[in-house]
There are 2 protein chains.
Amino acid sequence: MDLNRKNHLDARAKVLKAMAHPTRLFIIEELAQEERYVCDLTDMIGADISTVSKHLSVLKQAGIVIDDKRGNQVFYRLRVPCILNFFGCVESVLESQAKAHSAILECPTR
Amino acid sequence: MDLNRKNHLDARAKVLKAMAHPTRLFIIEELAQEERYVCDLTDMIGADISTVSKHLSVLKQAGIVIDDKRGNQVFYRLRVPCILNFFGCVESVLESQAKAHSAILECPTR
DNA sequence: TCAGTGCTTGGCAATATAGCCAAATAGCCA
DNA sequence: TGGCTATTTGGCTATATTGCCAAGCACTGA
C-alpha cells in the first residue's frame, strides 16, 4: 500500500478513534449545543473529574475540541462545528441492524 | 444521564470504533469501489490473512459490511454505501490540525 | 474420498485504553 | 501569603485490541 495513502488512513483513523467512545460522543453532542467547562460536563456525565478531563484531552489531541481558560475554569468547544453531520450515516448503519440482515440500504438524504 | 440516551451513544460509539482503524478504513474505501473477496483484500493490505479476516469480522459485527459466500470464496461489500460521506468532516478536522491551532473552521459544503 | 484452496477461529504476547485515587498545578480572593 | 476552587497529571489495575501462528472448517474438483 502506498505510503501516502497509509498516512492518510492513519490520520483519519485517529480522529474516528477519538470519537469512538460513548462519553466522548456525549461531550461532542453537548458542545454542539454550547460551550461548557469541565465541572459542567462532569456533573452531566457522573464520572470522576479526572476521567472527564482525560476524555477532553483525547478530543483536544485529535483536533476535535479547543479549550479556553478563563479564570480558573477551562471552557471547551467544538473546533469543527459540522462534526454532528457525521452521524446521518452512522444512524443508517444502526437502523440497518434493526432490519433484515442482508439488505443494502439507501443513504439518508440530508 | 438518561438511559435511552446512553444506549444510543453506546450504539453509535460501536460503529465508530469499528471504523477507527487504518486497515478497516482501507477496506471500507476499497469496498466503496467494488466488492472484494478476502484474498483480494489480503494481497492489497499485506498482512496475514487471519488478521484481515478478523478486521472483516469486526466490520460485519458493526453492520458496516455484509458477506456473501460463493463457492469457497467469501465476497464482502458495504452494507451502507453512504459510509464515505462520513469523511467530509473528518477531513476538516485534519485540515484544521495543519492550520492555526485555535481557529474554528467552516464545514465543507457537500 | 482425498488433496488443495479459501477462510475463520483459538490461543498467545505485546500494547493500548479506561477509570479511579492521590498528588500536583494554576488562578482567585481574603 | 494562605486557603480555596478548578483542572490536569501520575500511577495503578482491569480490560480490550492487535496481529501473528497454528489448527480447524467448508467447498471444489480430480
Side-chain angles (χ1 to χ4, degrees), chain A residues 1 6 9-28 30-31 34-77 101-102, chain B residues 1 6 9-28 30-31 34-77 101-102:
Chain A
M1 195 191 314
K6 169 138 188 39
L9 291 169
D10 285 351
R12 292 207 285 195
K14 260 179 211 155
V15 176
L16 287 172
K17 200 165 165 183
M19 300 176 71
H21 187 286
T23 298
R24 295 197 291 265
L25 285 182
F26 176 86
I27 291 170
I28 289 170
E30 290 306 314
L31 297 187
E34 53 181 324
E35 62 173 17
R36 296 283 193 182
Y37 66 103
V38 184
C39 279
D40 244 6
L41 291 167
T42 301
D43 288 346
M44 291 188 267
I45 291 165
D48 193 273
I49 189 172
S50 71
T51 300
V52 174
S53 178
K54 279 177 184 171
H55 282 306
L56 285 165
S57 140
V58 170
L59 291 171
K60 185 177 155 187
Q61 281 273 336
I64 294 170
V65 304
I66 52 182
D67 59 343
D68 180 14
K69 185 155 199 171
R70 295 183 214 145
N72 59 359
Q73 295 174 315
V74 179
F75 286 81
Y76 282 86
R77 60 185 191 282
H101 197 62
S102 64
Chain B
M1 196 193 314
K6 170 137 187 37
L9 290 169
D10 285 351
R12 293 206 286 194
K14 259 180 212 153
V15 176
L16 287 172
K17 201 165 166 184
M19 300 176 72
H21 187 286
T23 299
R24 294 195 292 265
L25 285 182
F26 176 87
I27 291 170
I28 289 171
E30 290 305 314
L31 298 186
E34 53 181 322
E35 63 172 16
R36 296 282 191 182
Y37 67 104
V38 183
C39 279
D40 243 4
L41 292 168
T42 301
D43 288 346
M44 292 188 267
I45 291 166
D48 193 275
I49 189 174
S50 70
T51 300
V52 174
S53 177
K54 278 177 184 170
H55 281 306
L56 285 165
S57 140
V58 169
L59 291 171
K60 185 176 156 188
Q61 281 274 336
I64 294 170
V65 304
I66 52 181
D67 59 341
D68 179 15
K69 185 156 200 170
R70 295 183 213 144
N72 60 358
Q73 295 174 314
V74 179
F75 286 82
Y76 281 86
R77 60 186 191 282
H101 197 62
S102 64

K.L.:
Enumerate all atom pairs, one protein N or O and one N or O from nucleotides 8-15 of chain D, separated by less than 3.5 Å.
P.N.:
residue, atom, partner, partner atom, Å
D/dT8, OP1, A/Y76, OH, 2.7
D/dT8, OP2, A/S53, OG, 2.6
D/dT8, O5', A/S53, OG, 3.3
D/dG10, O6, A/K54, NZ, 3.0
D/dG11, O6, A/K54, NZ, 2.6

K.L.:
If you compare all heavy atoms of B/I49 against all heavy atoms of B/C39, which two are closest, and at what distance to 0.1 Å?
P.N.:
CD1-SG, 4.2 Å
K.L.:
With the sugar-phosphate defined as primed atoms, P, OP1 and OP2, and the base as all remaining atoms, what B/S/- string results for nucleotides 25-30 of chain C, 5' to 3', for protein heavy atoms under 4.0 Å?
P.N.:
-SBS--
K.L.:
Using side-chain heavy atoms (C-beta onward) and a distance below 4.5 Å, is A/R77 in contact with A/I66?
P.N.:
yes
K.L.:
In this structure, how many angstroms lie between the P atom of C/dT8 and the OH atom of B/Y37, rounded?
P.N.:
13 Å
K.L.:
Given atom CZ of B/F26 and atom P of D/dT18, what is their separation to the nearest angstrom?
P.N.:
17 Å
K.L.:
Report the residues that fulfil side chain to side chain donor-acceptor pair (under 3.5 Å) with A/D10, sequence neighbours left out, ordered by chain and then residue number.
P.N.:
A/K6
K.L.:
Closer than 3.5 angstrom, by distance alone: can the side chain of A/R70 be matched with the main-chain N or O of A/F75 as a donor-acceptor pair?
P.N.:
no
K.L.:
Within this structure, what is the CG-to-C1' distance between B/D40 and C/dT5, rounded to whole angstrom?
P.N.:
15 Å
K.L.:
Under 3.5 Å for both donor-acceptor distances, Watson-Crick or wobble: does D/dA23 have a partner, and if so which one?
P.N.:
C/dT8
K.L.:
Report the distance from atom CG of B/D43 to atom C1' of C/dT5, rounded to the nearest whole Å.
P.N.:
14 Å
K.L.:
Figure out the CG/P separation between A/L9 and D/dT18, and round it to whole Å.
P.N.:
15 Å
K.L.:
Check the distance between D/dA6's P and A/D68's CG and give it to me in whole angstrom.
P.N.:
17 Å
K.L.:
I need the NE2-C1' distance between B/H21 and C/dT17, as an integer number of Å.
P.N.:
14 Å
K.L.:
State, yes or no, whether a side-chain contact exists between B/L25 and A/L16 at a heavy-atom distance under 4.5 Å.
P.N.:
yes
K.L.:
Do B/R24 side-chain atoms and B/A18 backbone N/O form a donor-acceptor pair below 3.5 Å?
P.N.:
yes
K.L.:
Whole Å only: how far is the NZ atom of A/K17 from the P atom of D/dA16?
P.N.:
16 Å
